[in-house]
Asker: 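I am attaching a structure below and will ask some questions about it afterwards.
Each ligand, and each atom within it, is numbered from 1 in the order the structure gives.
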Amino acid sequence: MLTRLLPHPIRRPPEGPVVCVVLDGVGIGRGDFGDAVAQARTPTLDRLRGLPSFTSLLAHGTAVGMPSDADMGNSEVGHNALGAGRIVDQGAKLVSGAIASGAIFGPAWRRCVDTVKASGEPLHFIGLLSDGNVHSHIDHLIAMLEQAALEGVKRARVHALLDGRDVPARSALPFIDRLEVMLARLSQDGRDYRIASGGGRMVVTMDRYEADWKIVERGWDAHVRGLGRRFATAREAVETLYKETGLDDQNLPAFVIADAFGPVGPIRDGAAVILFNFRGDRALELTRAFEEEQFDKFPRGPKPRVEFAGMTQYDGDLKLPTHFLVAPPAISGTMGELLADAGVTQLAISETHKFGHVTYFWNGNRSEPFDPAREKYVEVPSDGPPLEHRPWMRAAEITDRLIAELDAYKPKFVRVNYANGDMIGHTGDLAATILAVEAVDLCLGRVIEAVRVRKGITVVTADHGNADQMFDLRPDGALQVRTSHSLNRVPLAIVDPRAPGGGPGLAPPPSAGLSNVASTCLELLGFSPPESYRASLLAR
Ligand SMILES: O=C(O)[C@@H](CO)OP(=O)(O)O
Ligand SMILES: [Mn+2]
Ligand SMILES: [Mn+2]
């Protein structure tokens, strides 16, 4: 049953809105030359640091439901924690737990294995080949390959998406080598296990929020139809493409592995396909291509009649995919749902790259509004790549629209995501990332002022770090460009012009993290947070 929000005994909501601003990928770094946030000119952030209502929050590891504190944060777990007000065990943890207990090899796995044992077609695995633990983990793939061999599956094919975004920029080869050793070991006793296709995750298969279906089409052509440039091995593909394009893993073009008989692993009728990514945003479009009868996003060709399973269910509203190996994190009673139930109008706004972050992730991996009459979701269309050529992205347009909606739609609660620190941080381009942070700071200043004029409160935070750490120190002492998120803490500031000093006093509980923000926003809106939520950051 849904908890009802009750009025707070003492706190009164402001006359205007409460606006929660998520500066995606803007953490608190070491202030050194590799910290693009520290290097940027940020008068607004500087001002926030001087408020009594400024603190820092944990945004990685167990504080956001990851298996360990060595795991960095990411947008999914960060926005889940922000929206749900609790720490929920996340995909990374649920899947490794399900492997340890064997629960992953349940009914959906059975269907796949039985299908290929009956047809003689291969069991196909598609997913991100790294140990980033943001979308996937290579250990999960290897555990499933071993189990398949144990259960007598004769043929398996891996369609390997190259990462370089949650792991070092050119780290594909060690992962490929590790997989090849495993595949060679399993290709005995009449078994035939091989890599069949692949490509860089940002250009092949892993699009999100329908930013560019071409990306999925490239993957479909390579994985399903066996169409694309042919190589004898994945190592040869990657080495050749490095040399020819100069690109890093995330942007390498698609490739197909072929032998004397042609492509080794097109996906044909009678096969089974497991999408082994556990995170949904970049898995949903390929899932739709496999599951939807009517499909017009790209010329799919005849839909292969295959048994399809996702690592988990990626969308709880759309029930996609139908079959999945591991039950997704159960996240209900998010602050969006409670506010909708209480009749509070809400606006969620971002540009395409992060649109689902403030809707789908914020709402516990559900894409639909709870009450369309009281919620407005605004997507500002993003630019195409290369994003580092436009580090300001759509920050100004988001800000224009947000301010316009404060008067037109008059929402009581707003959540907005600025993508720049994260999306440009992922390119590894330090100069562009400094500009990205400056663009966001300028817009943040505009938002705070617009909210102040309308007698509202602004809450500023971030979902994880990224721009705050643009280099890693390698063991040999050399610097290496860092394209992945950081493990740093993130800022939290509340601007409430009613309070002396410009913001309320804070009393953050020990190890306060992103999951403490929802209660804080609910209190600022004049509600008592539910018992099940983590404590508010406000001093009593
Ligand atoms: O781009 C993505 O998919 C991830 C990194 O893998 O970034 P974020 O969690 O910020 O969306
Ligand atoms: Mn993010
Ligand atoms: Mn990111």
Side-chain angles (χ1 to χ4, degrees), residues 20-27 36-37 57 59-60 64-66 71-83 90-92 127-137 161-169 171 200-209 211-212 215 248-251 277-286 314 350-362 365 382 385 387-388 393 415-429 433 436-437 440 461-470 482-488 490-491 514 517:
C20 181
V21 184
V22 180
L23 310 176
D24 209 304
V26 178
V37 181
L57 299 176
H60 77 286
V64 286
M66 298 297 287
D71 289 302
M72 60 201 170
N74 66 72
S75 291
E76 176 188 43
V77 301
H79 286 78
N80 278 175
L82 287 168
Q90 287 290 347
L128 187 65
L129 186 70
S130 80
D131 61 4
N133 230 9
V134 172
H135 294 268
S136 68
H137 199 297
L161 299 163
L162 311 176
D163 190 348
R165 192 174 172 91
D166 302 323
V167 289
S171 55
R201 56 175 282 180
M202 296 308 281
V203 290
V204 182
T205 303
M206 282 175 61
D207 184 39
R208 68 176 165 204
Y209 309 144
D212 184 4
I215 294 172
D248 291 335
D249 297 342
Q250 57 178 324
N251 291 309
N277 288 5
F278 48 74
R279 175 165 149 176
D281 57 346
R282 295 188 186 277
L284 273 165
E285 289 173 42
L286 185 70
Y314 303 124
S350 186
E351 63 176 277
T352 310
H353 291 300
K354 301 288 177 183
F355 176 64
H357 291 29
V358 287
T359 55
Y360 163 77
F361 286 149
W362 194 282
N365 305 342
S382 285
L387 288 177
E388 62 271 39
M393 298 181 69
R415 49 201 197 247
V416 55
N417 177 300
Y418 286 102
N420 313 58
D422 180 64
M423 292 301 285
I424 311 301
H426 278 303
T427 69
D429 184 328
T433 308
V437 174
V440 168
T461 192
D463 57 338
H464 53 78
N466 185 338
D468 42 285
Q469 190 184 350
M470 299 297 293
R482 182 180 174 100
T483 51
S484 57
H485 299 163
S486 72
L487 283 84
N488 289 329
V490 296
L514 295 179
V517 174

Asker: When you measure from the side chain of Asp463 to the backbone N and O of Gly25, does any donor-acceptor pair fall under 3.5 Å?
Answerer: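 Checked: pair present.
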
Asker: Backbone or side chain, does His426 get an N/O/S atom under 2.8 Å to the Mn ion (ligand 3)?
Answerer: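 Checking the Mn ion (ligand 3) against His426, an N, O or S atom does fall under 2.8 Å.
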
Asker: Mind reading off the angle at the Mn ion (ligand 2) between the OG atom of Ser75 and the OD1 atom of Asp24, rounded to 10°?
Answerer: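 Ser75 OG and Asp24 OD1 form an angle of 140° at the Mn ion (ligand 2).
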
Asker: Of all N, O or S atoms in Asp463, identify the one at the shortest distance from the Mn ion (ligand 2).
Answerer: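 Of the nitrogen, oxygen and sulfur atoms in Asp463, the Mn ion (ligand 2) lies nearest to OD2.
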
Asker: If only side-chain N and O atoms count, and only distance matters, is there a donor-acceptor pair under 3.5 Å linking Asp163 with Gln250?
Answerer: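 On atom types as modelled, these side chains do not qualify, holding no pair under 3.5 Å.
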
Asker: Have a look at Lys354 and tell me which of Asn417, Asp422, Asn420 forms a side-chain hydrogen bond (donor to acceptor under 3.5 Å, both in side chains) with it.
Answerer: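 One option only clears the test, and that one is Asp422.
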
Asker: Could you grab the angle centred on the Mn ion (ligand 3), going from NE2 in His485 to OD2 in Asp422, to 10°?
Answerer: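 Value, to the nearest 10 degrees: 140°.
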
Asker: Which residue in the set Asn74, Asp71, Asp166 passes side-chain hydrogen bond (donor to acceptor under 3.5 Å, both in side chains) when paired with Asn133?
Answerer: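 Running side-chain hydrogen bond (donor to acceptor under 3.5 Å, both in side chains) over Asn74, Asp71, Asp166 with Asn133 returns exactly one hit, Asp71.
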
Asker: Distance alone, cut at 3.5 Å: any donor-acceptor contact between the side chains of Tyr209 and His357?
Answerer: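 Yes, a side-chain donor-acceptor pair sits under 3.5 Å.
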
Asker: For a side-chain contact (heavy atoms from CB on, under 4.5 Å) with Ser486, tell me which candidate from Gln469, His464, His60 qualifies.
Answerer: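 When side-chain contact (heavy atoms from CB on, under 4.5 Å) is applied between Ser486 and each of Gln469, His464, His60, only Gln469 qualifies.
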
Asker: Going by atom types only, do Arg482 and Asn466 share a side-chain donor-acceptor pair under 3.5 Å?
Answerer: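 Absent: no donor and acceptor within the cut-off.
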
Asker: Exactly which residues line ligand 1, taking a heavy atom under 4.0 Å from it as the test?
Answerer: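 Lining ligand 1 at under 4.0 Å, by heavy atoms, one finds Asp24, Asn74, Ser75, Val134, His135, Arg165, Asp166, Arg201, Arg208, Arg279, Arg282, Lys354, His357, Asp422, His426, His464, His485.
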
Asker: For Val21, is there any backbone N or O sitting under 3.5 Å from a side-chain donor or acceptor partner on Arg415?
Answerer: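 Checked: no pair found.
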
Asker: Indicate if the distance from the Mn ion (ligand 2) to the nearest N, O or S atom of His464 falls below 2.8 Å.
Answerer: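 It does: His464 brings an N, O or S atom closer than 2.8 Å to the Mn ion (ligand 2).
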
